[in-house]
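The block underneath contains the structure these notes are about, expressed in structure tokens.
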Protein chains: 2
Amino acid sequence: MIDPTSKVPLYHQVYETLRGGILRGEWEPGALLPAEPELISQYKVSRITIRQALDLLSGEGLIIRQRGRGTFVAAPSLEQAMVRIVSFTQDMEQRGLRASTEVLAADRIPAPPHIAQKLNVEPGEELVYLERLRLADGTPLAIEEAHLLHRFCPGLLKANLQNQSLRNHLDRKYGIRWSRAKQVIRAIQAAPEIARHLEVPTGDPLLHIERVSYSQQNVPVEFLRVYYRGDRYSLFNELQA
Amino acid sequence: MIDPTSKVPLYHQVYETLRGGILRGEWEPGALLPAEPELISQYKVSRITIRQALDLLSGEGLIIRQRGRGTFVAAPSLEQAMVRIVSFTQDMEQRGLRASTEVLAADRIPAPPHIAQKLNVEPGEELVYLERLRLADGTPLAIEEAHLLHRFCPGLLKANLQNQSLRNHLDRKYGIRWSRAKQVIRAIQAAPEIARHLEVPTGDPLLHIERVSYSQQNVPVEFLRVYYRGDRYSLFNELQA
DNA sequence: TAGTGGTCTAGACCACAAA
DNA sequence: TTGTGGTCTAGACCACTAA
């Protein structure tokens, strides 16, 4: 499973392997991971290398290590929505809600200047514009306006995005996976159009997030605007000294 | 400087020492830290131990390591406000604004049930209540309502908190330092009283943060509510895949 | 007592940056 | 070429947990 001749560091290969297993759900939350000596013989690397991989997982909050007991898979937490790129569906699951989606608009548009700038392309570059209403337990919770660089995902509009996650589709059809994203969080008033879709009065407070997502090649590919109903959505995080 | 007989791990002592130096500003942002071999001879520990300390600092974003060049002190970023416990003054500095404060209320009150619960004490326990208007470049930006457990900071109300940071005062007089904090971020409407102080219309959107801060003994000591003007304040952060 | 993760060491080779 | 940080090893002792 681990390739010692690869240019990817061994500890990172171990990390990716374990991380994949955890995210794919091969171990339930709370499950005991193999002990360090077992991982050593399984992957044929030294203890320090194994521990380097576990350190990464622990730093991400994916595992919990307890001296004398073992290493456990952590339960996904609400705080992950502020640290990790999480899909709407995953986010809702963690909150104990059922997610559904309604596509409001799907078009090809030329990039307006301010969006072109965030995506680091020329104004007028062709974008895929996707506007979706996100519901939690059947009630409107958020509106997402995605702007994707068309040249990275031609033909995306032909896909059925009502029932299929955009994230999976980008991965499977175009090989696009996010590596990281930067976002800005604000409180704003609901514009009439948005308010109507979210079924709140115009002017109600919304939690607004603007996010630029970068592909694994570290290229900005998506500019996303999300409007969450202020009365139904909040963010959690933990700060360090 | 490093005590090998201490029960605190060596790497953590090195980490604390370097971290303190960086936070106290002994190195300017962008400054070159001593190279690893130098730290080894300086602290008389092995390279792995030094690197363990540097890994922590790097994970916090306090340093940037570049192969072949060296290790540099990172410039404080706006994103730190979402990862680290940052004072209002520090936050404003990073945004290029001048911070000032007006004390609106300072009292001793019995803990209301919902606050008592967050602080893990009985309702009625005595609290120090401190309401402050925070200004940026002379204009109202936020209102902070702090609730502190009185028994940890008796006599706090006698202090001059107009010109002195609460954080420094708690540290110097009571030995209270925050180790971590949990917070919830929401978008809400400005209530009339808050709106008046912030000089915005009632009902305007505010970014609202509720935070419980834990002392180094891991005891919740402060419950804080902050109301930021939505038009003048936003949060930044970076997400990982 | 046996097994777990936590800490620490000395030493090695590598890739990258700068002079 | 020199010095930097990046990776990796084998081996050791310790503290904690659970049986």
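Protein chains get the first letters and strands the later ones, always in sequence-line order, with residue 1 at the start of each.
Within the structure, the salt bridge (Lys or Arg N to Asp or Glu O under 4.0 Å) test picks out the following pairs touching residues 209-220 of chain B (sequence neighbours left out): B:K118-B:E210.
The separation between B:I63 atom CD1 and D:dT4 atom P is 15 Å, rounded to whole Å. Rounded to an integer number of Å, the gap from CG of A:L54 to C1' of C:dG5 is 10 Å.
Under the 3.5 Å distance criterion, with hydrogens and angles disregarded, no donor-acceptor pair is assigned to the side chains of A:D3 and A:Q13. Side-chain contact, A:E38 with A:Y43: no donor N or O sits under 3.5 Å from an acceptor N or O.
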Nucleotide-resolved protein contact map, nucleotides 6-12 of chain C, B/S/- at heavy-atom distance under 4.0 Å: BBSBB-B
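Judged by a 6.0 Å distance limit and a 45° cone about the ring axis, B:R95 is positioned over the six-membered ring of B:Y233.
A donor-acceptor pair under 3.5 Å links the side-chain atoms of B:K44 to the main chain of B:S41, judged by distance alone.
The side-chain hydrogen bond (donor to acceptor under 3.5 Å, both in side chains) search around A:R134 returns A:T101, A:E144, not counting sequence neighbours.
In terms of position on DNA chain C, the residue among A:P37 and B:G68 whose nearest nucleotide sits closer to the 5' end is A:P37.
For C:dG5, neither phosphate oxygen OP1 nor OP2 lies less than 4.0 angstrom from any side-chain nitrogen or oxygen of A:R69.
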